[in-house]
Each structure stands twice: as structure tokens, then as C-alpha cells.
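Here is the structure we will look at.
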Amino acid sequence: MPALNPRQAEAVRYIDGPLLVLAGAGSGKTRVITRKIAYLIETCGVAARQVTAVTFTNKAAREMKQRISGLLKNRDSRGLSVSTFHTLGLNIIRREHRELGYKPGFSILDAQDSADLLRELLRKERMEDEGITAGLQSQVSRWKNALVSPARALSRTEDETGAAAARLYAHYQRHLKAYNAVDFDDLILLPVQLFREHPQALERWQNRTRYLLVDEYQDTNASQYELVKQLVGVRGALTAVGDDDQSVYAWRGARPENLALLQKDFPRLKLIKLEQNYRSTGRILKCANHLIGNNPHLFEKRLWSKLGPGDPLRVLDCRSEEHEAQSVVSEILHHHVTQGAPLGDCAILYRSNHQARIFEKVLREHKIPYFLSGGTSFFAHTEIKDIMAYLRLLANPEDDAAFLRIVNVPRREIGPTTLEKLAGYASRRNTSLLLASGELGLEQILPQRTRERLAEFAAWIEDFARRGESGDPVKAVRDLIRDMDYPNWLRETSANDKTAERRLANLDELVSWLGALTKGEAQDKSLSEMVNQLTLMDILERQDEETGGDRVHLMTLHAAKGLEFPHVFLVGMEEEVLPHRTSIEEDNIEEERRLAYVGITRAQRSLALSYANQRKRYGEMAECEPSRFLQELPSQELQWSGKPTNRTREETRERGQAHLSHLRSLLGSD
DNA sequence: TGGGGTGATATTTTT
DNA sequence: TATCACCCCA
């Protein structure tokens, strides 16, 4: 086990009050968090169940758990909570749902479900023409993340469009509540509201959070910060780890200022900076420091490394995006062949997803295996969404969104007209669609055959709901899928055999995940708990990872955060690409610079930056200018290749002239 | 119910 | 250019 450096050790041992660890890229922040948790449990005698660590991604939480259990060996780490903010919120809501006015079995709507619901409401309200369709979901999300209630949102708006959006927000919240459902943002928002209104509940949670550790602190938004403050309370047993230079989620509500706010809110805050980098060579770090030096800083820090200077950074000047892809791929091949570098050591990083395409094409042409991260999520597949909707409905008979999704999938001859009438009836009776389906009052408005179909469906669902509750929930799910002949429906609705096979495999995978969840830590989980847990999980299609092997990594800069690779190719270093056009327009260059910084600091041994002079934009060929960030790098550390651009030609001319005038001045002074 | 034609639209993305 | 949602017609 590597020894901690003095600063890291100090951060691990400082438990007397609130602590902010400013951890530069590659400075071993995860090591500090994991070692600190082990220290708290082993040395300070804090009970594992009273330690809570929060991260932003499942992946980070998973890794952290693994590393801690490695450190603690056989010692008791049961009850230690390492989770994402959202899972923590879910646990709080699960325990306290009554106080919040939710019933057991409440559903979680994912981003897609919530967008669907908003679109539906928008349609009902006939507000399409008011131009608030675009960005409505993110507006609502921003409000929620800033702890702005619908009423406050409405009172704050100035124009009619904003008011319409705020009304929709109110409407949306009412529907969620009626569905006994929450969305992702609610998982943070509701606990905050609960703790504001119920001091006893807050005390309960404070008592079980004797120590709180927060990773990637710069990514917290206002509601997450509020939750942190509430849980920490006056005790101030908090370690926050973050790096303002790696804040790249401002567009999602993250507030890097939260780092500075800590100092205000916790006057006793201790600050420790981790500046020794264990990842990159000196030249790479020098360039990174140089670039980020152009940003204003909340806290000054300067990364250094003992790893030696390393090679100069290469800049690839390319004619077109095609040429760029070919240049990068041939460099990778070169590394691979001449230095025996594994393909898996190479990563191609880009600003936006569409840039991956051309690289995929060229890699395929060269028969080079690659791993593209950030594809469609497992849970975005129709078949998975369908079954999840069934599960939600089993657990929560009030989940109208789930009901509407699957009532006619597979076909049960329950069409839009029927549903509209049913919805009218249900809302008059103040009940849910599923519960209304079996009611006698429908006699007045629906023909007998239709009523029978509805009642049959409702009875069928209720039957399986009972089976899921009393018996083996996984078996109930299997039976449900078989009983409605869903696999055949999938085959019928798939374009070809191949997609059908894939979808069936996905279905199997979902069921086996359910099985795995029942075997997990807590044995007897209810169906709804399993469903909610699944909704927060990130099962991506990882055939690539499973088939394993040595593959080039392709990913966005956002996805690369937290990772490292021996050889990094930072591509598309152009104005309007990185910095992205909209960021230029919105005068948001600093965040783009941080993105470039994140990209550079992913590299361990070698880094190449590339740009194209021409690129297809919305179908049309457009001239491109090298990114301003290239000029912000120290030119003596860069090695340009390819044909020199106008810029470099100009530079050489300038340099030549400077040299001449220098000579002249020498002559003149003589 | 499904398929084809049409017009708008075009970041980053986790939970 | 490429995709996607939407609408109309068979």
C-alpha cells in the first residue's frame, strides 16, 4: 500500500472540524477519502454505519466501496454508506415517506419519463405555440435544484413565457404527487424540504451521520449543498473533496462557488491543498497549469510532479475531420507497433458525441477494436422501459404514467378513446387509472366489452402485485412476462431477428439483475424497493467490457473526468468545437477551458492535440480556426506536425523578425 | 396500425 | 447532413 504524502496524511487525520480538501487532478483524492474512512472506523472507533460518503456517479461509489473493503479487510464495514447523492436521498424518502405525504411503493420517474410527462402536460394545456417546449425540462430541473418552489418560480417570472413554464412546473409537481411518484431531482429536494419542516426527522439523520464525506464537491448544486449542510449540522463533521478547476457541470446546476461558500458557512473550515500529481509527466502538467492559469481562481494551486519532464506535447494540424481521424489513428498504430503500447492505453477525447463517428469509421477501417463509452443507457431500451413500467405499476397502483405506457403493450385493445374516458372518470373520482379500471361507475361511459377488458387487465395486475408481495418477487416477474407472452410480442415488433434476439437478451439481463438484488445485502426487499434501486443503477451495455480485450477508448471530455490513460488524444481543438460555439456566444469560456484542462490532465505519458482546418457542419463544409486554448499553452513545449498553418507560419515569421531586430539592436548598440 | 413524407433542429449528461 | 418527431393516408 503506497504511503500517504504529508498533506494527504494530514487530510486523513484531520477530524476535528469541517475540512475542505482541494485536490488537483491526479493528486490522489480517492485515496484520501478511502483511507480516511478506514481511519475513522479503525482508529477513531466510529461505527461504520455512522459514516456516510457521497459521490456523484454509481461508478465512483462502486470503486470507493471496493477500495474501502480492501482496506478494512475482515473488519466490520457493515452499514457503511457509500452511495450517490440520489441513492442517499432515496433512502431518506423511503424511511420518511409518510411525513412527506407519499405512500409506500412510490415510483421514481427517470429523465425520459419526466420528459414524457411534461410533454403530455404541455399538449393538454395547448401551450405548444408559446415557445416554451425547448428547455422546459431543464428549466424545471433548474428550479428544483435551486430549491425554488412552483409558487416562487411564478412570482419571480417576468414574461408570459416564464409564467407559462412556472405554471407547468406546478402542474407537473401536482401530477407527480398524484402518481405517488418522484423524479430524480425530488430525490434531493424532498429530503431537504422534510428536514426543514421536521426537526425530529433531521435529528434522526444527523445522528446516523456522525461523519460525512463528499467527493467531487465542485459538482454539487444548491439543493445538494443544502442537504449536506443539514446533515452535518453544527457538529461540522465534514470532509469535502473537490477541485474548482474540474468543474464542468455548471450547465447542470453545479455551483463551484459552493467551495467558497463552505468557508462562509463553516468559519472553522480547515483547508488542505493536494498539489503533488502522481499521474502525468512534467510537460503535461506544465501545459495544464499554463492553460488553467488563464481562469480566475477561488483558490490558487499549482500542480507538480516527480515523474520527469516526459515528451513534448504534439499538435496535429489536419486538413479535415477525416484527415484528423486518420492522423490520430495512425499515431495510435505507431504507438502500438513501435512501443508495444496496448490499445487500451490510448484514449480519444472529444467535446461532443457526434465527433466520435468519424473516429469509429476510421478505426473500423483499420480493424482496430475500440470501446465507445456513453452509448444508450440500458434503461432507455423500449423493452426495459416496458417491463420497468409493469414493475412500477405492481408496486404502485397510482402510477398513471406507468399504466399509460403498458396498458396496451402487448395489445389489449384498449385504445386512446377508452383511455381518455377512463382518465376523465378517474380524475372526477379522484383515483388512479388502474384503480378506476375495475370500478362499476364506468358503466355509464364505456361499452361493456371495453369495461371487461379494463377490468380484466386491472385484476390481472393486482393478482401479480399480490404474488410479488407475498411470494418470491423475481418469480412473480418471470411469470408476469411469460403470462402476457411478452417475448413473442418483442419478436413480432422487432425489425429483424437480430434486434429481437438482443431485446430478449436485455430482458433476461433485467430479470437476472432483479435476482441479484434479492441476493444482495438486504435479503427480503419488496418489489418496489428493487425497482427503485434499479432505476438509479447504471447498467450500460457492457458487452464490450465483458468481451474485454485491448481497445482504444472513445469518450467525451465529460465522461473522461476521473479517468487516466497513458496516451491521450484531445481532438477537435478548434474554435466553436472546444470552446463550444454556444459557450462562446454565452461568454462561458471558463468552463470550456476547464474542459480542456480535464482533457489534458487525463494523460499520463503522452498527449497529442489535434484540429482540422475544415469540418462539415450541419452538412456544409466550414472553415475552422485552431482553438484559442492552443495558443494558451506554452509554445516551447509543443511540437507541431503536419503542414504549418497560417498561424504557425505567422509565428515563425514573427519569430524570425524578432530575431532580426534583435541582431540589428546588437549591431546598433555597437 | 403502420409506413412514408415533411419540417424543424442541431452541446456537454448523471441520477 | 442526419435525425427525429409529427402528421396524414391507406
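Each chain gets a letter, A, B and so on, in the order the sequences are listed, and its residues count up from 1. All heavy atoms count here, side chains included; hydrogens, waters and symmetry mates do not.
Extent of DNA chain C lying under 4.0 Å from chain A heavy atoms, first and last nucleotide in 5' to 3' order, is C:dT1 to C:dC6.
Counting non-hydrogen atoms under 4.0 angstrom, A:R594 reaches nothing in the nucleic acid.
Residues that satisfy the ring pair (Phe, Tyr, Trp, His ring centres under 6.0 Å) test with A:F403, not counting sequence neighbours, are A:F457. Every residue meeting the side-chain hydrogen bond (donor to acceptor under 3.5 Å, both in side chains) condition with A:S610, not counting sequence neighbours, appears here in chain and number order: A:E324. Shown here are the ring pair (Phe, Tyr, Trp, His ring centres under 6.0 Å) partners of A:H175, two or more places apart in sequence or in another chain: A:H171, A:Y179. Residues passing the ring pair (Phe, Tyr, Trp, His ring centres under 6.0 Å) test with A:F629: none are found, sequence neighbours excluded. Applying the ring pair (Phe, Tyr, Trp, His ring centres under 6.0 Å) test to A:F359 and every residue at least two apart in sequence or in another chain returns nothing.
By the 4.5 Å heavy-atom criterion applied to side chains, A:L213 and A:V54 are not counted as neighbours. Here the side chains of A:R351 and A:L595 are in contact, with some heavy-atom distance below 4.5 Å.
Atom P of nucleotide B:dT9 and atom CZ of A:R617 are separated by 18 Å, given to the nearest angstrom. Between the CD1 atom of A:I93 and the P atom of B:dT15 there is a distance of 17 Å, given to the nearest Å.
Shown are A:N532, A:T535, A:N396; of these, the side-chain hydrogen bond (donor to acceptor under 3.5 Å, both in side chains) with A:S107 is made only by A:N396. Tested against A:L187 for a side-chain contact (heavy atoms from CB on, under 4.5 Å), the candidates A:L90, A:T87, A:I92 yield a single pass: A:L90.
Remark: A:F184 in residues 181-195 of chain A come within less than 4.0 Å of DNA chain B through at least one heavy atom.
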Name the pairs: protein N/O against N/O of nucleotides 3-8 of chain B, kept only if under 3.5 Å.
none

Restricting to nitrogen or oxygen on both sides, can you table the protein-nucleotides 11-14 of chain B pairs closer than 3.5 Å?
from	atom 1	to	atom 2	distance (Å)
B:dT11	O4'	A:H580	NE2	3.4
B:dT11	O4	A:T582	OG1	3.2
B:dT12	OP1	A:N353	N	3.1
B:dT12	O4'	A:R351	NH2	3.2
B:dT12	O2	A:W251	NE1	3.4
B:dT12	O2	A:R351	NH2	2.3
B:dT13	OP1	A:T556	OG1	2.4
B:dT13	OP2	A:N353	ND2	2.8
B:dT14	O4'	A:R252	NH1	3.3
B:dT14	O2	A:R252	NE	3.4

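Figure legend: A:R594 and A:Y597 shown without cation-pi pairing, the cationic atom not lying both under 6.0 angstrom from the six-membered ring centre and within 45 degrees of its axis.
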key: Intra- and inter-strand pairs of DNA chain B in dot-bracket (Watson-Crick or G-U wobble, both distances under 3.5 Å; | for another strand)   = ||||||||||.....

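Note on residues 183-194 of chain A: pairs passing salt bridge (Lys or Arg N to Asp or Glu O under 4.0 Å), not counting sequence neighbours, are A:K144-A:D183, A:K144-A:D186.
For C:dA5 and B:dT12, the P atoms lie 16 Å apart once the distance is rounded to whole Å. The C1' atoms of C:dC6 and B:dT11 are separated by 24 Å, rounded to the nearest whole Å.
Within a 6.0 Å sphere centred on CD of A:E456, other residues, nucleotides and ligands contribute 12 heavy atoms or fewer. Few gaps surround CZ on A:R94; more than 12 heavy atoms of other groups in view lie less than 6.0 Å from it.
Separation of the A:Y370 and A:H553 ring centroids does not fall under the 6.0 Å cut-off.
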Under 3.5 Å, which donor-acceptor pairs link side chains of residues 581-588 of chain A to any protein atom two or more places apart or in another chain?
from	atom 1	to	atom 2	distance (Å)
A:T582	OG1	A:H580	ND1	2.8
A:S583	OG	A:E592	OE2	2.7

